[in-house]
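Throughout, a chain's letter reflects where its sequence line sits, starting with A, and its residues are numbered from 1.
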Amino acid sequence: MGLPMTLLLPLTFLLPLAGTLILSISRGTLSERASAFVGVASIGLSALVTGLIFLQFLAGDGAPQTVTLWTWIAVGDFQPTIGLALDGLSLTMLGVITGVGFLIHLFAAWYMRGEEGITRFYAFMNLFVFSMILLVLGDNLLMLFLGWEGVGMCSYLLIGYYYQHSTNGWAAFKAFIVTRIGDVFLAIGMFLIFLELGTLNIAEILQRAPEVWARGDTMVELAALLILGGAMGKSAQLPLHTWLADAMAGPTPVSALIHAATMVTAGVYLIARMNGIFTLAPDVLYLVGVIGALTLLMAGFAALAQTDIKRVLAYSTMSQIGYMFLALGVGAFDAAIFHLMTHAFFKALLFLSAGAVIVSCHHEQDMSRLGGLWRRLPLAYAGFVIGGAALAALPLITAGFYSKDEILWQALASGNGGLLLAGLIGAFLTSLYTLRLIIGTFHGETKSDNARHAEAGRGLVHGLPLVVLAVLSTFLGAWLQPPLADVLPASPGEGVHAWHTALEIIASATALAGIALGAWLFLRRREWLARLAGQGWGARLWTLWNHAWGFDAFFDRLLVRPYRGLVRLLSGDPLDGLIGLSTRLAWLFNAGLTRTQTGKMRIYATSMVFGATLVLLVLVLGA
Amino acid sequence: MSGVPMEHGLVLAAILFALGLAGLMFRRNMIFVLMSLEVMLNAAGLAFIVGGTAWQQPEGQAMFLLVITLAAAEASVGLALLIQLNHRFKTLDLDAASRMRG
Amino acid sequence: MEIAFYLSGLVAVLATLGVITNANPVHALLYLIVSLIAVAMVFFSLGAPFAGALEIIVYAGAIMVLFVFVVMMLNLGEGVAAQERAWLKPRTWLGPAVLAAALLLVLIATLWRGDIGLVIQGETLTAKMVGITLFGPWLIVVELAAMLLLAALVTASHVGRMAPDKPATNRETGARGDA
């Protein structure tokens, strides 16, 4: 019963592709309404197909299914296929991509009203969904890489969507180049894996890796390290994180879809997908956790000192992905994916609410110019409160609590005290900056005319995505347990329950303490805080955090400036000068010899005689 | 009993050749250049004759005949060119005809 | 015989010096004729009467007459001698003279290093022997000489032709328009 998988699986990405093609071929002949309809409908249908797949998959035995469409290239042993693989992991990702993606597309129809180039916007968005689905459904690393590069390209195109401002172009440029560094690592990792294992098929890799490599083998550590490099670039983890905050230059739905819910979590998906490699490389796996912990702390502090709503959310995204990396690092792959899913819900909700605020306030997104909006924008306020509660992992009633608690519990169960501590500090910071964000935006006095004349959004396209995502961000969302048991290895905390309740209480207390402190600070001690941030050490700390620990300046000094210096040095092309020396010499001789061409016969005769005399002289003396 | 050493004849030829060459190099008037050329050719013929008589062979004189033929041909072509030079440039200065300089 | 050789040689050298230093073309031509006749005397003294006769008949006779005709045809005025004197500055002739002297020295040095040691006794090589050589084994050379003369004839008649006064030729040759 039901439609065959061979039809359903390709449909999920062919529909967005069709949307892209229709929109790009129309070349602006479609009206705004029609463009939005095509763009949203293609993703909606794709989500519907995903729902069908979900039902069929649950009805079946849950075994992974593969659909091989055709062989891509055949060069000797190298025969990658256009093949799709469906298992619990890719199904979860597929659900997030099409489900959340559909809601965001729907919201974008409201957000992008009256914007220029809406056809282009939806064409890129559909192309992005197409690439992302390829990324998660591909049954070999080459397909994955195709999608990986596709989403990178769409990210570039959409960050630079408002291309009239050069800063947006530079932000897109930065995102593209920084992620490219990671992509190169991933590509080299793929080469290494093919070299060592002779296949790029993910299932075969996971099957063969333990046969070829011993645990802790140098080659497997290297391969894992390279894959981690790719994941770091895409998921904005230390030290390749600098692009994400600037990527907020794109439209807010783009930030919600690409830079919060889906693309940036591709790194997490990649590591979870290649879990077999990483479990063979325990050192690298531990490094994943450390990177996650460092990133979540770094981004948490940075988020405290931002005034731009979207930049706060961007740093919180980094921080939350840091949690996922932490979970991967302690071997809790399913916890990472679970948090990925809930994070997609509540971060999309936060971004969409932020988008609602921004459009309502006439594109004002600086907290220092907002404030006191809760009465004017009740729906956005509700979205912020529910999303923020989930982000801060408010106990029992939010989805974020269940997933984050799982991560902390796994960290404890695996015996990584340091990582657990980092997670707890991060949770405290999260509550603090979340509250600062909400209070700064919605409470206090209104600080600008734009905010004073805020107009709340109306209509189904505006309200429905917010409501659905808000529902999913509560404990109801945590009921959606992804079917990962057959795909990912068991977590360290499986079956152990000692101290679990105690940890839950501690974590909840931490989050609540952060909220309490935040409420006290940001509501009651506002002047004191402002004074503190305005002078001495406070000001320095503020600047440091506002610039996210100065990584941009650091990279500028470390890489950009030496490179530019080198470029300046080489722009004169010293080597060319060296090579040109022969040319110049030839010219010199040419000029000299040209002078002897006087056209005067006597001179010719004389020089001939001179030469003849010389030759004779040599002959006579030499004889 | 005594005779002329062959070297003396050849030195005479060399002197005449060098004189002709000097004239060729420092005269600008084409008539003198042509005359210098005749002197040089004549010197070359003299060298042949000296060689031929020294070896008591008739080939030297036969070769001289060839040299004279060459001289005659050279003189006729050279004088024709001289006439053209005078006709076109209204002068006998060879340096006037230096348009092909690089 | 030796005296005849050295005397005529001296005359030849002096006359040739006159040829290359004289300013007047006609005088130079006469010097050249003297030089050629002196060389003919040298030939006679060396015992090559056929060559000497040819030298006088062909060189001094035919070729020099050609020169004289041409000089007469050019109708050079009084200014030519002055012009020649103006051109004959020491600055002009010193360099070539030194170069020629150097070449001469090298040639003489070459001769001196040789050890042929032949002495010319002045025995006559008759025209008969030359004729037998020429029309026997050297026949091909005679043919070649004939062809050379023919070619020279054609060339001279072509080159020496006066260009008709058409602008077309002027454009082609790049000569002055009033030529």
(message) Rounded to the nearest 0.5 Å, what separates atom CZ in B/Arg27 from atom CD in C/Glu84?
(response) 4.5 Å
(message) Is B/Leu41 close to chain C through its backbone or its side chain, or both, or neither, when contacts mean heavy atoms under 4.5 Å?
(response) both
(message) Can you confirm whether C/Trp87 sits close enough to B/Phe26 that some side-chain heavy atom of one is under 4.5 Å from a side-chain heavy atom of the other?
(response) no
(request) Return the orientation label for the C/Trp112 and B/His8 ring planes: parallel under 30°, perpendicular over 60°, tilted otherwise. (result) parallel
(request) Go through the atoms of B/Val50 and report whether side chain, backbone, both or neither lie under 4.5 Å from a heavy atom of chain C. (result) both
(message) With a 4.5 angstrom heavy-atom cut-off, is it the side chain or the backbone of B/Asn42 that approaches chain C, or both, or neither?
(response) both
(message) Please classify the contact between B/Leu66 and chain C as side chain, backbone, both or neither, with a heavy-atom cut-off of under 4.5 Å.
(response) side chain
(message) Tell me whether C/Gln121 contacts the main-chain N or O of B/Val4 through its side chain, where contact means a donor paired with an acceptor under 3.5 Å.
(response) no
(request) Side chain from CB out, backbone as N, CA, C, O: work out which of these in B/Leu82 comes under 4.5 Å of a heavy atom of chain C, or both, or neither. (result) side chain
(request) Sort B/Glu74 into side chain, backbone, both or neither according to what part of it lies under 4.5 angstrom from a heavy atom of chain C. (result) neither
(request) Under 4.5 Å heavy-atom distance to chain C, tell me which part of B/Leu34 shows up: side chain, backbone, both or neither. (result) both
(request) Answer whether the closest heavy-atom distance between the side chains of C/Leu118 and B/Trp55 falls below 4.5 Å. (result) yes
(request) Identify which part of B/Ser36 has an atom lying under 4.5 Å from any heavy atom of chain C, answering side chain, backbone, both or neither. (result) side chain
(message) Which atoms of B/Leu19 are under 4.5 Å from chain C, going by heavy atoms: the side chain, the backbone, both sets, or neither?
(response) both
(request) Below 4.5 Å from any heavy atom of chain C, which atoms of B/Phe17 appear? Answer side chain, backbone, both or neither. (result) side chain
(request) Report yes if the side chains of B/Ile31 and C/Leu74 come closer than 4.5 Å at any heavy-atom pair, otherwise no. (result) yes
